[in-house]
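For this chain, numbers begin at 1 and follow the sequence in order. Worth saying up front: this structure is predicted, and the values here are computed from it rather than measured.
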Amino acid sequence: MKKFLENFLEMQDYPRDAAISLISDYEKLMADPDEKALFDKYLGEYESNDKTNFGEFVTLVGRESEKCGVHRFSAELIVFLCSAKHLREIYIKRELPAEIWHDSMLDMRYKLMECKKMHNIWGSFVASWFCGFFTLERFQIGRLQYELSWHFATEGDLDICGLKLEYHKTDLINLHIPSSGPLTDKAVYDSLRRAYKFFAKHLPKFLIDGKLVIECGSWLLFPDHEKFLPENSNILAFMRHFDIVSSWYEDNFGDCWRIFNCDWSGDASTLPRETSLQRAYADWLGSGNRAGGGNGIIVYDGEKIINK
């Protein structure tokens with residue numbers, strides 16, 4: 001497993017310092033009989049039947065890791081780094097595209113970098129998020145991530161483009177946007193085209209009358225972005241692909257860390273202003289406005305978005 005981890009971290013372009021730290025932490029965990037027994041038990045289950053209780057695994061490993069001198073954020077990430085080996089075998093067995101395994105595993109590096117910025121630790125403070133990738137319920141395809149879900153964007157049924165979506169019944173895709181660089185139209189459309197082909201071939205029940213119906217709930221779809229982001233903003237362009245069917249304001253700005261790499265203190269004057277997005281948000285909040293988010297829908301026919 002150590003050799004796999006070394007190769008994996010290099011292939012996925014982890015920073016050298018992060019790779020050294022994670023391998024060292026893995027060795028510390030394996031030197032502890034109790035932690036090694038946990039890894040053997042749960043990874044053994046995953047390897048024998050493609051299933052294990054990742055939530056329980058992560059909780060137990062994180063709870064005990066600090067007695068080994070390993071921060072729980074690091075130990076919890078290592079759980080999934082080790083699990084990537086068998087997930088690759090599942091992809092091969094089910095004839096799923098190798099590039100989607102590769103792209104999906106990149107999410108661990110994205111979360112590693114967020115953890116370093118937020119907590120100065122090589123690990124992940126949201127490790128339970130990774131479960132969906134390992135249970136084949138979430139796939140990264142190019143720039144975007146696609147999760148098997150059902151209609152949730154409105155609190156009730158919805159008709160769109162001649163399609164009837166039943167609340168919490170109609171199968172569709174929940175879209176996620178990782179923090180992996182610019183959100184350009186080119187990257188978005190490339191991802192949509194590839195996703196349509198993937199679902200048509202491997203999970204056709206998630207096409208509705210030949211259409212890929214995608215819902216997204218995110219701070220990126222906050223309607224008030226139209227009031228304070230510049231017209232050339234990639235976020236505005238992305239947002240405009242959606243029919244935004246519901247939205248909200250929030251007082252506690254829980255997504256502050258996604259933009260500023262820190263939690264919301266209630267005082268906009270303390271926020272970093274290193275990027276144009278940070279400056280726009282800090283000015284908006286500093287003027288007494290609130291942050292928020294929105295739920296949106298895209299209907300994609302394999303070539304174009306047809307709901308706009």
Novice: Please collect all salt bridge (charged side-chain N to carboxylate O under 4.0 Å, His left out) contacts where either partner lies in residues 291-306, sequence neighbours excluded, each pair once.
Specialist: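 Residue pairs passing salt bridge (charged side-chain N to carboxylate O under 4.0 Å, His left out), neighbours aside: D301-K304.
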Novice: Rounded at 0.5 Å granularity, tell me how far CZ in F4 sits from CG in L9.
Specialist: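 Result: 8.5 Å between the selected atoms.
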Novice: Not counting sequence neighbours, list each pair that qualifies as a salt bridge (charged side-chain N to carboxylate O under 4.0 Å, His left out) and has a residue in residues 114-138.
Specialist: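 Of all non-adjacent pairs touching residues 114-138, those that pass salt bridge (charged side-chain N to carboxylate O under 4.0 Å, His left out) are R138-E147.
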Novice: Could you tell me if the ring centre of Y46 sits under 6.0 Å from that of F54?
Specialist: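 That pair passes the under 6.0 Å test.
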Novice: Hey, are the side chains of S149 and I173 touching, using non-hydrogen atoms and a 4.5 Å cut-off?
Specialist: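 Counting from C-beta outward, S149 and I173 never come under 4.5 Å.
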Novice: Are W129 and F133 packed together at the side-chain level, in the sense that at least one heavy-atom pair is separated by less than 4.5 angstrom?
Specialist: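 Yes, close enough: below the 4.5 Å cut-off.
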Novice: Is the number of heavy atoms from other residues, nucleotides or ligands within 6.0 Å of CD (E10) greater than 12?
Specialist: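 No - once you tally the heavy atoms of other residues, nucleotides and ligands closer than 6.0 Å, there are 12 at most.
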Novice: Taking V299 as the starting point, is it possible to reach F206 by hopping between hydrophobic residues whose side chains are less than 4.5 Å apart?
Specialist: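 Hydrophobic grouping puts F206 apart from V299.
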Novice: Quick one, L221 with S247, criterion side-chain contact (heavy atoms from CB on, under 4.5 Å). Give me CA distance, side-chain angles, the key distance, then yes/no.
Specialist: CA-CA 8 Å; L221 303 187; S247 61; over 6 Å; no
Novice: Can you sort out the partners of W150 under side-chain contact (heavy atoms from CB on, under 4.5 Å), two or more places apart, ordered by chain and number?
Specialist: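 With neighbours one apart ignored, the set is H168.
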Novice: Are Y189 and V213 linked, directly or through intermediate hydrophobic residues, by side-chain heavy-atom contacts shorter than 4.5 Å (ILVMFWY only)?
Specialist: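 Different hydrophobic clusters.
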Novice: Please determine whether a side-chain nitrogen of the Lys or Arg among K93 and E89 lies less than 4.0 Å from a carboxylate oxygen of the Asp or Glu.
Specialist: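 Salt bridge absent between K93 and E89.
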Novice: Taking atom CZ of F260 and atom OG of S265, what is their separation to the nearest 0.5 Å?
Specialist: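 These two atoms lie 10.5 Å from each other.
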Novice: Roughly how far, to the nearest 0.5 Å, is CG of D107 from CZ of F130?
Specialist: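 Separation between the atoms: 5.5 Å.
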Novice: Should the ring pair Y42 and F57 be called parallel, tilted or perpendicular, given that the plane angle runs from 0 to 90° and is split at 30 and 60?
Specialist: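 Plane angle under 30°, so parallel.
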Novice: Does D283 have any side-chain contact (heavy atoms from CB on, under 4.5 Å) partners at least two apart in sequence or in another chain, and if so, which?
Specialist: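 Checked D283 against side-chain contact (heavy atoms from CB on, under 4.5 Å); matches are R273.
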Novice: Quick check: F139 with Y146 (ring centres under 6.0 Å apart)?
Specialist: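 No, too far apart.
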Novice: Could you check whether W284 and H225 have their ring centres less than 6.0 Å apart?
Specialist: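 Ring centres of W284 and H225 not closer than 6.0 Å.
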Novice: Are P178 and Q145 packed together at the side-chain level, in the sense that at least one heavy-atom pair is separated by less than 4.5 angstrom?
Specialist: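 Contact flag for P178/Q145 side chains = yes.
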Novice: Can I214 and I297 be said to form a side-chain contact (heavy atoms from CB on, under 4.5 Å), step by step?
Specialist: CA-CA 6 Å; I214 293 169; I297 300 177; over 6 Å; no
Novice: Given the rule in the salt bridge (Lys or Arg N to Asp or Glu O under 4.0 Å) test, do R143 and D185 qualify, once you have shown the distances and angles that lead to the verdict?
Specialist: CA-CA 10 Å; R143 179 65 180 85; D185 258 9; over 6 Å; no
Novice: In the single-linkage hydrophobic clustering (I, L, V, M, F, W, Y; side-chain heavy atoms under 4.5 Å), do W248 and L229 co-cluster?
Specialist: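 No, no single cluster joins them.
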Novice: Determine, for D40 against K36, whether the closest basic-nitrogen to carboxylate-oxygen distance falls under 4.0 angstrom.
Specialist: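 Salt bridge between D40 and K36, a charged N being under 4.0 Å from a carboxylate O: yes.
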Novice: Side chains of E45 and T52: donor-acceptor distance under 3.5 Å anywhere?
Specialist: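 The criterion, which ignores hydrogens and geometry beyond distance, is satisfied for T52 and E45.
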Novice: I would like to know whether D32 and K28 meet side-chain contact (heavy atoms from CB on, under 4.5 Å); could you show each step before the answer?
Specialist: CA-CA 7 Å; D32 181 273; K28 292 174 184 176; over 6 Å; no
Novice: Just to verify, what does T154 make a side-chain contact (heavy atoms from CB on, under 4.5 Å) with, not counting sequence neighbours?
Specialist: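 Applying side-chain contact (heavy atoms from CB on, under 4.5 Å) to T154 gives H151, L158, V245.
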Novice: Determine, for K186 against D190, whether the closest basic-nitrogen to carboxylate-oxygen distance falls under 4.0 angstrom.
Specialist: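 So K186 does not pair with D190 through a salt bridge.
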Novice: Determine the interplanar angle of the H119 and F73 rings, folded into 0 to 90°, and report it as parallel if under 30°, tilted if 30 to 60°, perpendicular if over 60°.
Specialist: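 Rings of H119 and F73: tilted, 30 to 60°.
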Novice: Could I get the full list of salt bridge (charged side-chain N to carboxylate O under 4.0 Å, His left out) partners for K51, not counting sequence neighbours?
Specialist: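 Result, salt bridge (charged side-chain N to carboxylate O under 4.0 Å, His left out) vs K51: none returned.
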Novice: Under a 4.0 Å threshold between the charged nitrogen and the carboxylate oxygen, would K2 count as salt-bridged to E27?
Specialist: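 A salt bridge links E27 with K2.
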Novice: Please evaluate residues N295 and E215 with respect to the criterion side-chain contact (heavy atoms from CB on, under 4.5 Å), reporting the C-alpha separation (whole Å), side-chain torsions for both, the decisive distance (0.1 Å), and the verdict.
Specialist: CA-CA 7 Å; N295 288 315; E215 296 190 351; over 6 Å; no
Novice: Rounded to the nearest 0.5 Å, how far apart are CG of D209 and SG of C161?
Specialist: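 Separation between the atoms: 11.0 Å.
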Novice: Answer yes or no: is there a side-chain heavy-atom contact under 4.5 Å between I78 and F39?
Specialist: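 Sidechains of F39 and I78: in contact.
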Novice: Using a 4.5 Å cut-off on heavy atoms from C-beta on, say whether the side chain of C262 contacts that of W257.
Specialist: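 W257 vs C262: side chains apart.
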Novice: Which value, rounded to the nearest 0.5 Å, describes the distance between S180 atom OG and K111 atom NZ?
Specialist: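 The distance works out to 9.0 Å.
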Novice: Where does the angle between the aromatic ring planes of H202 and F198 fall among parallel (under 30°), tilted (30 to 60°) and perpendicular (over 60°)?
Specialist: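 Ring orientation of H202 relative to F198: tilted.
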Novice: Within the structure provided, determine whether F238 and T184 are in side-chain contact (heavy-atom separation under 4.5 Å).
Specialist: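 Answer no - side chains too far apart.
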Novice: How many angstroms lie between atom CG of L136 and atom CG of L87, to the nearest 0.5 angstrom?
Specialist: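 Going from CG on L136 over to CG on L87, the span is 6.0 Å.
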Novice: With salt bridge (charged side-chain N to carboxylate O under 4.0 Å, His left out) as the rule and sequence neighbours excluded, what pairs involving residues 158-167 come up?
Specialist: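 Sorted pair list: D157-K164.
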Novice: Less than 4.5 Å apart, side chain to side chain, heavy atoms only: is that true for L112 and P15?
Specialist: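 Of all side-chain heavy-atom pairs linking P15 with L112, at least one is under 4.5 Å.
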Novice: Give me the atom names and distance for the closest heavy-atom approach of A291 to L285.
Specialist: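 Heavy-atom minimum between the residues: N-CD2, 3.9 Å.
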Novice: Can you tell me if N289 and S287 form a side-chain donor-acceptor pair at under 3.5 Å?
Specialist: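 The criterion, which ignores hydrogens and geometry beyond distance, is not satisfied for S287 and N289.
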Novice: Checking S276 now: which residues fulfil side-chain contact (heavy atoms from CB on, under 4.5 Å) with it, not counting sequence neighbours?
Specialist: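 S276: side-chain contact (heavy atoms from CB on, under 4.5 Å) contacts with R279.
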Novice: Return the minimal non-hydrogen interatomic distance between Y91 and S104, and the atom names on each side.
Specialist: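 Where Y91 meets S104 most closely, the heavy atoms are OH-OG, 3.9 Å.
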Novice: Side chains of F80 and C131: closer than 4.5 Å at any heavy-atom pair?
Specialist: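 F80 reaches C131 side chain to side chain.
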Novice: Who passes salt bridge (charged side-chain N to carboxylate O under 4.0 Å, His left out) against E35, sequence neighbours left out?
Specialist: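 So E35 forms no salt bridge (charged side-chain N to carboxylate O under 4.0 Å, His left out) with any residue.
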Novice: Do V188 and L175 sit in the same hydrophobic cluster, where Ile, Leu, Val, Met, Phe, Trp and Tyr count as joined when their side-chain heavy atoms come under 4.5 Å apart?
Specialist: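 Cluster IDs for V188 and L175 match.
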Novice: Work out which heavy atom in C68 is nearest to a heavy atom in L29; give both atom names and the distance.
Specialist: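 Heavy atoms only, the tightest pair is SG-CD2, 4.4 Å.
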Novice: Who else is in the cluster with L106 when I, L, V, M, F, W and Y are joined by side-chain contacts under 4.5 Å?
Specialist: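 Direct or chained contacts put L106 with Y110.
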Novice: Applying the 4.5 Å side-chain criterion to the ILVMFWY set and letting contacts propagate, would L148 and Y300 be lumped into a single cluster?
Specialist: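 Hydrophobic grouping puts L148 with Y300.
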Novice: Not counting sequence neighbours, list each pair that qualifies as a salt bridge (charged side-chain N to carboxylate O under 4.0 Å, His left out) and has a residue in residues 218-235.
Specialist: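 Residue pairs with at least one partner in residues 218-235: D224-K227, E226-R240, E231-R240.
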Novice: So which atom in C82 and which in Y26 form the shortest heavy-atom distance, rounded to 0.1 Å?
Specialist: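 Smallest heavy-atom distance, with atoms named: SG-CE1, 3.8 Å.
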Novice: Flag the pair R290 and D251 as a salt bridge only when some basic side-chain nitrogen lies within less than 4.0 angstrom of an acidic carboxylate oxygen.
Specialist: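 Here R290 pairs with D251 in a salt bridge, since their nearest N and O are under 4.0 Å apart.
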Novice: Identify the heavy atoms of S74 and I121 that sit nearest to each other, and give their distance.
Specialist: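 Residues S74 and I121, closest heavy atoms: OG-CG2, 3.7 Å.
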Novice: With sequence neighbours excluded, what pairs up with S128 under the side-chain hydrogen bond (donor to acceptor under 3.5 Å, both in side chains) test?
Specialist: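 S128 satisfies side-chain hydrogen bond (donor to acceptor under 3.5 Å, both in side chains) with no other residue.
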